[in-house]
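Working notes for the structure below.
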Amino acid sequence: MKKLLMAANWKMYKSVEEGVATAKELVSLLDKLPEDREVLVCPSFTMMHSVCPILTQKAGCHAGAQNFYPAAQGAFTGEVAPEQLMGLGCTHALAGHSERRHVLGEMDELIGRKVAFGLDAGLKMILCIGETIVERRLGQIEEVLTRQLESGLAGVLSTATAESLAVAYEPVWAIGTGEVAGPDEILAAHAFVRSKLESLLPKEGAHIRILYGGSVKPDNAATIIRLDNVDGVLVGGASLKADSFSQIVLA
Ligand code: PGA
């Protein structure tokens, strides 16, 4: 059974105490996690040590990193290595989130290296892709998604599996704006991503989970996760409160 992956991205929010309190509340609200759902929470590095054990005590609930640097160790001031994160109970990581691409200036090549290094180190990777509003208006959606998928997956074409890799389609214009993509827009983008995955990874492409992200809320989650080729969600703002994220997980 392909489980839906319901992922929370807490971004640069919450003190350690707030993270611990939210994680505890979430685990208790998800007491009856349905068999077909998996939960992932990506908190800040500062609280990994305290929050990971709370999350991972619950079956089907995982902790992930929002970012890392693709090296085992070394002189990389301010960066964090996969091994350091895995030592805290972190099993997953995002790469290529739109804020890292557009605010922090990460390029396709670095994102591809992160996906390859993370998988090799034993992390389960979620490659985030998505077009800006300008690219959408210029009719470049497929071109952008193709470039981001080809470069993001370049180093893992023979190694990635449906177990170790997921892709999150997050149109940049829908992130944090309250402007969720409509069902037809999600269906079209996800069908395109599926076809690209099937051609890039002939064995695994049909099974790799494709998450939707961008203004997912308790009141639109049920519709989104029932669309074809939607295998979960990646949630920012609405994941910060345990109550609202648990409603999304159980939608
Ligand atoms: P949002 O963020 O749910 O606040 O739109 C999604 C994301 O950044 O992954």
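Counting starts at 1 for both ligands and their atoms, in listed order. Treat the numbers as computed from the prediction; the structure is a model and nothing was measured.
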Heavy atoms from other residues, nucleotides or ligands near CD of Glu83 exceed 12 (cutoff 6.0 Å): no
Ionic contact status for Arg147 with Glu143, cut-off 4.0 Å: no
Nearest protein heavy atom with distance in Å, relative to atom 3 (O) of ligand 1: Gly236 N, 2.8 Å
Under 4.0 Å to a heavy atom of Ser215 - the qualifying atoms of ligand 1, by number: 1 (P), 3 (O), 5 (O)
Test: Glu38 and Lys124 ion pair at under 4.0 Å: no
Interfacing atoms of ligand 1 (cut-off 4.0 Å, heavy-atom, Gly176): 1 (P), 4 (O), 5 (O)
Tyr169 and His190 aromatic ring geometry - parallel, tilted or perpendicular at 30°/60° bounds: perpendicular
Closest approach of any protein heavy atom to atom 9 (O) of ligand 1, naming residue and atom: Glu170 OE2, 2.6 Å
Whether Gly178 lies under 4.0 Å from ligand 1, heavy atom: no
Proximal ligand 1 atoms for Gly214, defined as those under 4.0 Å from one of its heavy atoms: 5 (O)
Test of proximity, Val235 against ligand 1: N or O pairs below 3.5 Å: no
Ala238 contact mode with ligand 1 (heavy-atom cut-off under 4.0 Å): neither
Residue Ala174 vicinity, atoms of ligand 1 by number, heavy atom under 4.0 Å: 5 (O)
Side-chain (Gln148) to main-chain (Gly130) donor-acceptor, under 3.5 angstrom: yes
Within 6.0 Å of CD in Glu163, more than 12 heavy atoms from elsewhere: no
His97 to ligand 1, any heavy atom closer than 4.0 Å: yes
Shortest protein contact, atom 4 (O) of ligand 1 (heavy atom only): Gly237 N, 2.8 Å
Expected output: side-chain Thr56 to main-chain Cys61 donor-acceptor under 3.5 Å: no
Proximity flag Gly213 to ligand 1, non-hydrogen atoms under 4.0 Å: no
His102 atom NE2: more than 12 heavy-atom contacts under 6.0 Å: yes
